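Report on one structure; see the data block that follows.
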There are 2 protein chains.
Amino acid sequence: MNLQPPKTRIQRKNTEAILEAGLEVFSQHGFRGATLDQIAAAAGLSKPNLLYYFPSKEAIHVTLLSQLMETWLDPLHEMKADGEPVEELLAYVHRKLQMSRDFPRESRLFANEIVQGAPRMKEALAGDLKNLVDEKAEVIRAWARDGKIADIDPHHLIFSIWALTQHYADFDVQVQAVLGPGRDPIAEAETFLHTLFERLLAPSRPSGPA
Amino acid sequence: MNLQPPKTRIQRKNTEAILEAGLEVFSQHGFRGATLDQIAAAAGLSKPNLLYYFPSKEAIHVTLLSQLMETWLDPLHEMKADGEPVEELLAYVHRKLQMSRDFPRESRLFANEIVQGAPRMKEALAGDLKNLVDEKAEVIRAWARDGKIADIDPHHLIFSIWALTQHYADFDVQVQAVLGPGRDPIAEAETFLHTLFERLLAPSRPSGPA
DNA sequence: TATTCTTTTGACCATCTGGTCAAGAACACG
DNA sequence: CGTGTTCTTGACCAGATGGTCAAAAGAATA
């Protein structure tokens, strides 16, 4: 078992290479679809060498998943109760969409895991994730109560943000196939989603300070 | 190789059982994650017997996928240019959400395939799917031009319907984990999505006959 | 340079998995 | 009932795959 922070320079380099390779391969083929040989090759190591750094295939996967969880929750964490509600929510949408652009593999790794029933993540979902979402849902509910945004279900609002933004990473092949070549799906999505959430969130009877 | 429509009663029964089992197993584990033994067991057959009806694992998968494609496009097909625009679109959302409720395995089978790059479906996506979507996008564009609905990108509108409805099937574990027990996610989604699309589609300056 | 600790690897293994095959069981039908 | 056809299965196989191990090669340190 390795220590949490790799000690030597060479250890750090190789564990990083393995995780990068694992991300690449797992996100493309899923856990069972990925092979140690693929990952080893992608990391530029021999299979036994790879297993010198991680005790098993599953260990690599688990490490990736738990690292990912933090990155994944970050954008939601950044949404602050004391900001301007619509702005805060639109900014959250923006951050999530940027993640689809910048970290599509991470998104697909996550998607693969969830679609298949999250066998290795259920606790995290019902734990950290649920807690954070519940907390932010309360913030959103308060905004709605104050008439700052429309009165909609906060949980489903958050789901809709996830669904709409991650779609552009997870279903990228489909999006590309349907749109055809020469387009920038995420740039277009930026505009579209801005409009969508602006309209969805606009309070019925605006209560304006300013 | 089997004839398209299974001849004998027993052939029909077994091929059906196999496809049902395949759907169950593939949708839960993905193509590579599924094993012939699992499928055979789920179908109540021995592995060699299963291979008497389908020449290979891939053949089962392909059969499922192509059958699925039709079912999948149906709800969009039903959206008619001569209906009331907002109604037609909301009805489409409704149908898609019902599919998430009634055919979650089909949705996940599809999701698995797309997330992993659609290795066995790319042609279908760029062919039938793109054609249908382009056609319906034109209908939507016309509605927008006539001021019947808001002027938004039709392709991304369709993507948003897919993303939002399929999310409740594909990411069901996550939705359940976050919402906690004792709720009916899809019933709630029905309300939420109705509101969302109503607001999104409402034309800026209503052009009303009636 | 000698010694020790870390890193790397070739050879190997047990198991799993997709798929084959020949022979037996069940069935349809005259 | 007899016979040809369809259906089913136990035994088997080759290749892939996750993982082991002992020994070699490379740092690091003295």
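Everything quoted here is computed from the prediction, not taken from an experiment. Chain letters run A, B, ... following the sequence lines, proteins first and then strands; every chain starts at 1.
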message: Without decimals, in angstroms, what is the distance between A:Asn49 CG and C:dT9 P?
response: 5 Å

- line: From CG of A:Asp37 across to C1' of C:dG10 the rounded distance in Å is 14 Å

statement: chain A vs DNA chain D, heavy-atom contacts under 4.0 Å, first-to-last nucleotide span, 5' to 3', is D:dT17 to D:dA28

query: Run the side-chain contact (heavy atoms from CB on, under 4.5 Å) check on A:Trp162 and A:Val133 step by step: do they pass?
result: CA-CA 12 Å; A:Trp162 292 348; A:Val133 171; 3.6 Å; yes

task: Send over the distance from A:Leu45 CG to C:dT9 P, rounded to a whole Å.
output: 7 Å

message: Rounding to an integer number of Å, can you tell me how far B:Gln11 CD sits from C:dA26 P?
response: 19 Å

- request: Can you measure from NZ (A:Lys80) to CD (A:Glu87) and round to the nearest 0.5 angstrom?
  value: 15.5 Å

message: Categorize B:Ala40 for me: base, sugar-phosphate, or nothing, with a 4.0 angstrom heavy-atom threshold over every strand shown.
response: nothing

- prompt: Atom NZ of B:Lys57 and atom C1' of C:dT17: how far apart are they, to the nearest Å?
  reply: 8 Å

- prompt: Quick one: does A:His194's side chain get under 4.5 Å of A:Val93's, heavy atoms only?
  reply: no

query: Among C:dG19, C:dA28, C:dT7, which nucleotide sits nearest the side chain of B:Arg9?
result: C:dA28

- prompt: Is there a side-chain hydrogen bond (donor to acceptor under 3.5 Å, both in side chains) between B:Gln174 and A:Glu113 once you walk through the steps?
  reply: CA-CA 10 Å; B:Gln174 182 178 256; A:Glu113 183 66 11; over 6 Å; no

statement: Here the pair of heavy atoms bringing A:Thr63 nearest to A:Ala59 is OG1-O, 2.7 Å

- request: Drop me the distance from A:Leu45's CG to A:Ile39's CD1, to the nearest 0.5 angstrom.
  value: 11.5 Å

query: Nearest to the side chain of A:Pro48 - C:dG19, C:dC21, C:dG10?
result: C:dG10

Gap between atoms CD1 and P, on B:Ile10 and C:dA25 respectively (whole Å): 16 Å

task: Could you tell me whether the phosphate oxygens of C:dT7, OP1 or OP2, come under 4.0 Å of any side-chain nitrogen or oxygen in A:Tyr52?
output: yes

message: If I take atom CG in residue A:Leu51 and atom C1' in nucleotide C:dC12, what distance separates them, rounded to the nearest angstrom?
response: 14 Å

Derivation and outcome, ring pair (Phe, Tyr, Trp, His ring centres under 6.0 Å), residues A:Phe197 and A:His94: CA-CA 11 Å; A:Phe197 283 106; A:His94 178 76; over 10 Å; no

field: Rounded distance (nearest 0.5 Å) linking atom CG of B:Leu64 with atom CG of B:Leu109
entry: 6.0 Å

First of A:Ser46 and B:Gly33 reached from the 5' end of DNA chain C, by closest nucleotide: A:Ser46

query: So does A:Tyr53 get a side-chain nitrogen or oxygen closer than 4.0 Å to the phosphate oxygens (OP1/OP2) of C:dT8?
result: yes

field: Under 4.0 angstrom between A:Arg32 side-chain N/O and C:dT17 OP1 or OP2
entry: yes

message: Is the ring pair B:Tyr168/A:Phe159 parallel, tilted or perpendicular, if the boundaries are 30 and 60 degrees?
response: perpendicular

- line: Axis-to-axis angle across the helix from C:dT1-D:dA30 to C:dG30-D:dC1, five pairs each end, nearest 10 degrees, ~ 10°

